[in-house]
Amino acid sequence: MPELPEVEILKRSLNKSIKSKKIIKININNPNLRYKVQKNFKKILKKKVISKVSRVSKYLILHFSSNKKKLLIHLGMSGTIHLVIEKSKINTNASFYKLSNLPLKHNHIIFFLNNKIKLVYNDPRRFGYMKIVDTNFMKYKPLNKLGPDPFSSKFNLIYFKKYIKNKKKNVKNLLMDQKFVSGLGNIYVNEVLFSCKINPSKSILNLSEKNIKDIIKKTKKILKKAILFGGSSIRDFKKIDGKSGNFQQKFMVYGKNNKNCPRNNCEGLLKKIFLSNRSVFFCPICQI
DNA sequence: CCGTTAACCTGAGAGC
DNA sequence: TGCTCTCAGGTTAACG
């Protein structure tokens, strides 16, 4: 599901809704996520009070007031977090997968919080996972290998030039590489390259300084806008209140194979190709 | 070390 | 209706 904007939306809404809530009980319906849920998972988290939720790249981190442990959450491709509030009209089961009910068989982990709030982790493909980590979690994998956040000042011209030196790959794969910059995924990379008029297959050896400056600038701009619109809901991303994001309505190229190029005065037809087994949407006329 | 590919999973949607 | 096939907002082990 999620790239940086969707995880950021989750983080913000969780901070509003579950901060200072206490974990009363945990149900693990299926421990077999990408990595098996740790054996002491329930024991460590039970009775903990959530003090803050933060984001690193596409990871969520739950912080607790009385413990040095933290909970690292990655949503993989299809993970979602829903809040179910008893006796409230806000029942997030309502609109998942276009079904009238959330498919229960993929509700793998449920946290029962006080005030009758349930936090439900649902993930059909089980590429996501939860892991209890220590306070120095940034020093260890998987977070220690991540490149800078796209909004960070570390993601700048000098860093970019230095990173690509002596490397050989296309610009699309470069932006997908979380070791280079962490948080972009398939949707936003496609959108950024369209915005910059750069062909996704272009070798990083041939990027001009103008190209690089443009990528840095447009990356921040597009991600910021996506967050403003509540993220993208293309199949299973929902905000925790069960509503969709709206940035998918702003897509220029993603998922728009054979559509007219949306750029003014361009007569091109958008094309879909594959690079490293991931779909790429672009305009062969104006993206050079 | 570097770049690429396959694998991990389930379900939706298309085509027949 | 039902079967097959392809594809999906990600990550990483294994390979050459």
Side-chain angles (χ1 to χ4, degrees), chain A residues 1-10 29-36 55-60 72-81 96-99 101-108 121-131 140-147 150 163-192 201 203-205 219 222-223 226-227 229-239 244-251 253-258 272-281:
Chain A
M1 164 196 71
E3 299 178 42
L4 186 151
E6 291 75 38
V7 179
E8 178 65 22
I9 291 293
L10 276 182
N29 299 322
N30 186 353
N32 300 307
L33 304 181
R34 168 160 200 160
Y35 305 114
K36 191 160 188 149
R55 175 187 66 77
V56 175
S57 179
K58 303 172 188 174
Y59 297 82
L60 282 172
L72 189 67
I73 305 175
H74 194 284
L75 301 165
M77 284 283 248
S78 59
T80 48
I81 288 176
F96 193 82
Y97 268 112
K98 299 171 189 167
L99 299 176
N101 292 299
L102 194 71
L104 293 174
K105 65 170 171 171
H106 300 304
N107 282 351
H108 305 311
Y121 178 69
N122 185 289
D123 186 358
R125 297 178 74 181
R126 285 184 280 119
F127 287 171
Y129 62 97
M130 295 194 188
K131 187 185 176 190
Y140 299 97
K141 66 169 189 178
L143 299 177
N144 60 343
K145 290 177 191 166
L146 293 174
Y163 189 92
I164 65 176
K165 207 167 189 180
N166 303 321
K167 288 197 173 61
K168 195 178 181 301
K169 57 167 70 175
N170 61 58
V171 62
K172 203 270 182 175
N173 282 346
L174 175 76
L175 296 180
M176 293 289 284
D177 180 1
Q178 305 298 302
K179 292 194 292 302
F180 171 58
V181 61
S182 64
L184 291 172
N186 212 27
I187 290 179
Y188 297 103
V189 168
N190 276 289
E191 295 296 318
V192 166
S201 302
S203 166
I204 54 176
L205 299 170
T219 296
I222 288 172
L223 293 178
I227 292 168
F229 277 79
S232 303
S233 294
I234 60 172
R235 73 192 99 247
D236 48 17
F237 172 67
K238 294 283 191 292
K239 295 186 280 181
S244 297
N246 289 308
F247 191 72
Q248 68 280 5
Q249 293 160 17
K250 303 288 171 187
F251 288 172
V253 291
Y254 186 82
K256 297 189 182 299
N257 190 25
N258 288 324
K272 177 183 177 179
I273 60 169
F274 282 90
L275 292 175
S276 298
N277 291 321
R278 304 303 301 274
S279 56
V280 184
F281 301 91

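Naming convention: chains lettered A, B, ... in sequence-line order (proteins, then strands); numbering from 1 in each chain.
Using P as the reference atom, dA14(C) and dC9(B) are 15 Å apart when rounded to the nearest Å.
To the nearest 0.5 Å, atoms OG1 (Thr219(A)) and CG (Leu175(A)) are separated by 6.0 Å. Distance check, rounded to the nearest 0.5 Å: NZ of Lys58(A) to CG of Leu75(A) gives 11.0 Å.
Shown here are the side-chain hydrogen bond (donor to acceptor under 3.5 Å, both in side chains) partners of Ser276(A), two or more places apart in sequence or in another chain: Asn173(A). Residues that satisfy the side-chain contact (heavy atoms from CB on, under 4.5 Å) test with Leu143(A), not counting sequence neighbours, are Val56(A), Tyr59(A), Leu72(A), Phe137(A), Met138(A), Leu146(A). Remark: Gln178(A) pairs with no residue by the side-chain hydrogen bond (donor to acceptor under 3.5 Å, both in side chains) rule, at least two apart or across chains. Judged as a side-chain hydrogen bond (donor to acceptor under 3.5 Å, both in side chains), and not counting sequence neighbours, the contacts of Tyr121(A) are Asp123(A). Residues passing the side-chain contact (heavy atoms from CB on, under 4.5 Å) test with Asn32(A), sequence neighbours excluded: Asn30(A), Lys36(A), Arg126(A). Residues that satisfy the ring pair (Phe, Tyr, Trp, His ring centres under 6.0 Å) test with Tyr35(A), not counting sequence neighbours, are Tyr129(A). Phe281(A) pairs by the ring pair (Phe, Tyr, Trp, His ring centres under 6.0 Å) definition with Tyr254(A), not counting sequence neighbours. Contacts of Lys172(A) classified as side-chain hydrogen bond (donor to acceptor under 3.5 Å, both in side chains), with partners at least two apart in sequence or in another chain: Asn186(A).
Residue Tyr129(A) is classed as having no contact, given no heavy-atom separation below 4.0 Å to the nucleic acid. Here Phe247(A) lies out of heavy-atom contact (under 4.0 Å) with every strand.
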Pairs counted as Watson-Crick or G-U wobble with both distances under 3.5 Å: what dot-bracket string results for DNA chain B, using | for bases tied to another strand?
-> .|||||||.|||||||
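Rounded to a whole Å, the CD1 atom of Ile164(A) is 12 Å from the P atom of dG3(B). Regarding Tyr163(A), its OH atom lies at a distance of 8 Å from the P atom of dG3(B), rounded to whole Å. To the nearest angstrom, C1' of dG10(C) lies 9 Å from CD of Glu3(A). In this structure, CD1 of Ile204(A) is placed 11 Å from C1' of dG3(B), rounded to the nearest angstrom. Taking atom NZ on Lys141(A) and atom C1' on dG10(C), their separation rounds to 16 Å, with Å as the unit. Remark: C1' of dG10(C) and CD1 of Ile187(A) are 12 Å apart, rounded to the nearest angstrom. One interatomic measurement links the two molecules: CZ of Phe251(A) to P of dA8(C), which rounds to 13 Å at whole-angstrom precision. Here dG10(C) presents its P atom at 13 Å from CG of Asp123(A), a figure rounded to the nearest Å.
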Close N/O contacts between protein and nucleotides 7-10 of chain B (under 3.5 Å):
from	atom 1	to	atom 2	distance (Å)
dC9(B)	O3'	Arg126(A)	NH2	2.9
dC9(B)	O2	Arg125(A)	NE	2.7
dC9(B)	N3	Arg125(A)	NH2	3.2
dT10(B)	OP1	Arg126(A)	NH2	2.9
dT10(B)	O4'	Pro124(A)	O	3.3
dT10(B)	O3'	His106(A)	NE2	3.2

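With dA8(C), dG10(C), dT12(C) as the choices, the nucleotide that has an atom nearest any side-chain atom of Lys272(A) turns out to be dA8(C). In the set dT11(C), dT12(C), dA8(C), the nucleotide with an atom closest to the side chain of Ser279(A) is dA8(C).
The residue among Asn277(A) and Lys167(A) whose nearest nucleotide of DNA chain B is located toward the 5' end is Lys167(A).
Aromatic ring orientation, Tyr188(A) versus Phe251(A): perpendicular (interplanar angle above 60°, classes split at 30° and 60°).
Every pair passing salt bridge (charged side-chain N to carboxylate O under 4.0 Å, His left out) that includes a residue from residues 173-185 of chain A is listed here, sequence neighbours excluded: Lys169(A)-Asp177(A), Asp177(A)-Lys179(A).
Residues from residues 168-186 of chain A that place a heavy atom under 4.0 Å from any atom of DNA chain C, listed by number: Gln178(A), Gly185(A), Asn186(A).
Here Ser276(A) does not reach the OP1 or OP2 of dG3(B): none of its side-chain N or O atoms lies under 4.0 Å away.
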